[in-house]
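Note that these values count all heavy atoms, side chains included, but never hydrogens, waters or copies made by symmetry.
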Amino acid sequence: MTKLVGVLALQGDFEAHAKMLRALGARAREVRVPDDLRDLDALIIPGGESTVMSLGIEREGLAEPLRELVRAGTPVLGTCAGMIMLDRDHLGLLDVIARRNAFGRQVRSFEADIDVKGVSGGPMHAVFIRAPWVAEHGPEVEILGSVEAHPVAIRQGHMLAVSFHPELSGDSRLHELLLAIDGSGE
Amino acid sequence: MDENGQPRRDEATFTVKAGLAEMLKGGVIMDVVTPEQAKVAEDAGAAAVMALERVPADIRRDGGVARMSDPEMIQGIQEAVTIPVMAKARIGHFVEAQVLEALEVDYIDESEVLTPADEANHIDKWAFSVPFVCGATNLGEALRRIGEGAAMIRSKGEAGTGDIVEAVRHLRMIRSEIRRLATLDDAELATAAKQLQSPLHLVRQIAAEGRLPVVLFCAGGIATPADAALVMQLGAEGVFVGSGIFKSEDPERRARAIVEATTHYQDPARVAAASTGLGQPMVSLETSKLEAEQLLAPRGW
């Protein structure tokens with residue numbers, strides 16, 4: 001059964017995620033309004049500007065439908081701004097606080113090879129763009145990868161979030177992991 | 001890994017430079033001249049702000065040499081907002097660019113809206129850590145800028161007019177030239193590179209992929225939500241709005257409306273809703289009635 005994955009498409013690099021999903025044999029649907037959330041098997045919140053996404057989620061009335069979807073057990077992956085949208089201060093789904101632009105302005109953006117727990121086959125090549133890190137987290141949050149002791153890849157049950165952009169480096173292993181999570185709500 | 005067991009960080013790579021433009025896609029970048037305007041833009045949903053000393057409509061009206069902004073103003077804007085802050089340098093003025101890099105702006109626009117500082121050469125953008133966006137009227141110009149290190153391209157349009165016709169011309173030109181390249185064989189691509197006065201490796205890459213190797217935004221003349229949706233449907237991946245917001249009757253409302261129309265550009269009902277009750281747009285100029293020396297787009301080549 002081909003999985004249908006929604007990609008929040010209010011702003012940001014949602015097309016790069018959709019392309020990666022299709023290359024893995026999944027179907028991708030751009031999500032702009034609550035109706036686009038029906039029948040999804042998984043959800044991705046992409047990179048972009050978190051302030052723009054917050055305003056868009058509010059304008060479209062997407063906050064509650066997104067929470068319901070994820071609380072019902074639908075697997076979700078947030079990258080960069082997507083990690084921020086999932087944190088305590090935004091959608092409140094992940095028990096973390098993400099610090100925005102934590103690594104600094106654009107001249108501090110970087111690429112690095114990062115070991116990510118649960119991703120086999122060697123380190124992930126990670127692209128960090130004005131990236132956040134996890135400043136605080138609760139006990140249910142598992143740290144999958146860090147840079148200089150700052151968590152940049154985490155998992156909490158069926159929710160995954162990373163500070164970097166696997167969709168820009170052509171490494172689809174996190175997307176494969178998302179597709180492999182059992183979304184039955186167990 | 002380095003000696004402390006930490007992963008090695010590579011900063012200022014082309015992937016990282018072009019990557020920020022990827023994050024701005026589907027967004028609206030707004031010209032601002034004060035920290036207060038920057039805050040209004042951020043609160044309305046701007047994906048980034050462009051700091052400059054005068055918006056294009058005022059540069060047009062007042063004349064004189066238009067330069068990089070006062071660093072104090074740029075720093076004030078950086079303190080006022082958390083979204084990326086871009087700033088303009090004059091074409092070929094690499095010291096203005098060095099100053100902007102020292103200020104840690106997030107993107108530099110080597111812009112024809114300012115008075116060019118070099119009549120023959122653009123800035124060598126490879127020499128910088130901070131990424132550059134440059135204007136283009138056609139594919140050859142876009143590829144020359146990318147060859148010089150630009151990590152993002154925008155149409156030039158005709159800034160400060162509120163007339164979308166030039167931006168449409170430039171976008172259609174770039175897109176149709178890309179489509180034409182895809183139909184050529186290898187020998188013809190070498191000839192096309194000569195005709196376009198562009199690096200052959202970029203011409204080959206575009207022929208194979210059917211798109212620019214960097215993000216393409218639209219700039220120059222966007223005044224309404226429908227203008228933004230028009231250029232998005234024509235293949236722009238996001239929009240710059242210069243005078244169109246803060247020279248209109250109700251900047252906050254118009255800014256929100258253009259953001260909404262840029263997200264929902266394929267949905268006419270949403271563009272209609274966004275276009276409703278915005279008050280007067282900026283005072284506009286018909287580009288075809290301007291004298292040749294009043295045009296900004298021919299600056300740079």
Ion pair Glu111(A)/Arg9(B), N-O distance below 4.0 Å
no
Check this for me, if you would: do Asp113(A) and Arg8(B) make a salt bridge, where the nitrogen-to-carboxylate-oxygen distance has to be below 4.0 angstrom?
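Between Arg8(B) and Asp113(A) there is no salt bridge, as every charged N stays at least 4.0 Å from the carboxylate O atoms.
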Which atoms of [X] come close to chain A, meaning under 4.5 Å heavy atom to heavy atom: side chain ones, backbone ones, both, or neither?
X        : answer
Ala46(B) : backbone
Ala47(B) : both
Asp43(B) : backbone
Ala21(B) : neither

Is chain B contacted by the side chain of [X], its backbone, both, or neither, given a heavy-atom distance below 4.5 Å?
X         : result
Phe103(A) : side chain
Ala9(A)   : backbone
Val107(A) : both
Ile114(A) : side chain
Thr51(A)  : side chain

Work out which heavy atom in [X] is nearest to a heavy atom in [Y]; give both atom names and the distance.
X         : Y         : answer
Glu15(A)  : Lys25(B)  : OE1-NZ, 4.0 Å
Gly19(B)  : Leu168(A) : CA-CD1, 4.0 Å
Ile129(A) : Val16(B)  : CD1-O, 3.4 Å

To the nearest 0.5 Å, what is the distance between CG on Leu103(B) and CZ on Arg105(A)?
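Going from CG on Leu103(B) over to CZ on Arg105(A), the span is 9.5 Å.
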Does a side-chain heavy-atom distance below 4.5 Å link [X] with [Y]?
X         : Y        : result
Arg256(B) : Arg59(A) : no
Arg100(A) : Thr82(B) : yes
Arg270(B) : Glu60(A) : yes
Met23(B)  : Cys80(A) : no

Top contributor to chain A contacts, counting heavy-atom pairs under 4.5 Å, from [options]:
options                                : value
Thr13(B), Leu20(B), Val130(B)          : Leu20(B)
Glu22(B), Glu237(B), Glu101(B)         : Glu22(B)
Ala18(B), Ala12(B), Pro84(B), Ala44(B) : Pro84(B)

Short side-chain to backbone donor-acceptor contact, [X] and [Y], under 3.5 Å:
X         : Y         : value
Asp106(B) : Gln106(A) : yes
Gln11(A)  : Leu24(B)  : yes
Glu42(B)  : Val52(A)  : no

Using a 6.0 Å cut-off, check whether atom [atom1] of [X] has over 12 heavy atoms from anything other than its own residue.
X         : atom1 : result
Phe128(B) : CZ    : yes
Glu58(A)  : CD    : no
Glu140(A) : CD    : no

Going by atom types alone, do Thr263(B) and Arg32(A) pair a side-chain donor with an acceptor below 3.5 Å?
no
